There are 2 protein chains.
Amino acid sequence: MNIKDAAEKSGLPPKTIRYYEDIGLVTPDRAANGYRDFDVAHLHKLTFLAQARGLGFSIEDCRNLLALWEDQDRASGDVRAIAKQHLAEIENKIAGLQAMRETLADLVHCCAGDDRPDCPIIDRLQGKAQ
Amino acid sequence: MNIKDAAEKSGLPPKTIRYYEDIGLVTPDRAANGYRDFDVAHLHKLTFLAQARGLGFSIEDCRNLLALWEDQDRASGDVRAIAKQHLAEIENKIAGLQAMRETLADLVHCCAGDDRPDCPIIDRLQGKAQ
DNA sequence: CCTTGACCTTCCCGTTACTGGAACCTCTAT
DNA sequence: ATAGAGGTTCCAGTAACGGGAAGGTCAAGG
């Protein structure tokens, strides 16, 4: 199957698929005309990648997860470790963003948002005491 | 004052300050020896930038916020609009991350994490039904 | 006066995970 | 023969810096 079909079936853009081949995540065959030729196994792999990326795993995590996926003798503990680590990073990010959100919501709430120049948001960025 | 002092007082790394000069956010004077020379106004600006970046505003947002800050005739509505937009983006990000977190927490919870290969995390990435 | 070490400078490359675009080739249908 | 839709490679750009090299400058100590 050509790249466009693989893209539609996996949910990944063709550009992304080419990129994944570039960095060695998939290695589709090549037809006589030089076109990439994807079979079901490749498609399966691409779908796996789409899922993992969708859950926010980095490319390097994906590479490791793929290896574990293909290793029938894997220890589920290895998979879990990657996921757990990633989960922790996500939770950190969330915490950081929530702190920002609270401050911002506060500021937006306090600011009149009219034609006058007085602005608690500016004051805050300036470091002025609330 | 030299860049290191400016860095310490503003909380920004020297590299970042140079970068900000590069992209036109600050324009410190130059001493005879070619060293950057920061005065209080520059420092104030750098602190402003540190605050804004700390709240997650993009460099472009910072550029606009700086302009508004320096415009005594600004409308606080303009500032508020930028902050509100940014707040919305942050809330979107949080929502996305929370969805990931829930799925991941679920999977991590379900996975035995032992030496056996059976792994609900892999199953999920594979697209296998729960 | 010389040296050492801490600064400073510019410049270029690498990061993440792609995306856009140019230049060019191939296939199918009319 | 040609048009249009697909394919290919390669190059550049994104955000916001950080690392590191090569080299200039300054203050203190011997």
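Each chain gets a letter, A, B and so on, in the order its sequence line appears, and its residues count up from 1. All of these numbers come straight from a predicted model, not from anything done at the bench.
With a 4.5 Å cut-off on side-chain heavy atoms, A/Thr16 and A/Leu49 do not count as touching. Within the 4.5 Å cutoff, side-chain heavy atoms of A/Ser76 are placed close to those of B/Asp114. Residues A/His42 and A/Met1 form no side-chain contact, since every pair of their non-hydrogen atoms from C-beta on lies 4.5 Å or further apart. Side-chain contact check for B/Gln126 versus A/Gln51: every heavy-atom pair is 4.5 Å or farther apart. The side-chain heavy atoms of A/Arg18 and A/Glu21, taken from C-beta on, include no pair separated by under 4.5 Å. Contact annotation: the side chain of B/Phe57 never approaches that of B/Asn64 to less than 4.5 Å [non-hydrogen atoms, C-beta and beyond].
Fit an axis to the five pairs at each end of the helix from C/dC1-D/dG30 to C/dT30-D/dA1 and the two axes sit 30° apart, to the nearest 10 degrees.
Closest approach of A/Ile3 to A/Pro14, counting heavy atoms only: CD1-O, 3.6 Å. Taking every heavy atom of both residues into account, B/Gln72 and B/Trp69 meet most closely at NE2-O, 4.3 Å.
Applying a 4.0 Å cut-off to non-hydrogen atoms, none of the residues of residues 84-93 of chain A approaches DNA chain C. For DNA chain D, none of the residues of residues 41-68 of chain A falls under the heavy-atom distance limit of 4.0 Å.
With a heavy-atom cut-off of 4.0 Å to chain B, the contacted part of DNA chain C has its first and last nucleotide at C/dC7 to C/dC11.
Within a 6.0 Å radius of CG in B/Asp115, no more than 12 heavy atoms belonging to other residues, nucleotides or ligands are found.
Hydrophobic clustering (ILVMFWY, side-chain heavy atoms < 4.5 Å, transitive): B/Tyr35 and B/Ile17 are in distinct clusters.
Taking the nucleotide of DNA chain D with the nearest heavy atom to each of B/Tyr19 and B/Ala32, the more 5' of the two is matched to B/Tyr19.
Going from atom OH of B/Tyr20 over to atom C1' of D/dA16 covers 7 Å, rounded to whole Å.
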Sugar-phosphate or base contact per nucleotide [nucleotides 7-14 of chain D; S, B, -; heavy atom under 4.0 Å]: SBBB----
Would you give me the side-chain donor-acceptor pairs under 3.5 Å for residues 93-103 of chain A, sequence neighbours excluded?
{"residue": "A/Thr103", "atom": "OG1", "partner": "A/Ala99", "partner atom": "O", "Å": "3.2"}

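With A/Leu107 as reference, B/Leu55 is the one residue of B/Leu87, B/Val79, B/Leu55 to meet the side-chain contact (heavy atoms from CB on, under 4.5 Å) rule.
Salt bridge annotation for A/Arg63-A/Glu60: present, with a cationic side-chain nitrogen under 4.0 angstrom from a carboxylate oxygen.
A/Glu8 contributes atom CD, which lies 11.0 Å from atom CG of A/Asn2 (distance to the nearest 0.5 angstrom).
With B/Arg80 contributing its side chain and A/Ala112 its backbone, the two residues share no donor-acceptor pair below 3.5 Å.
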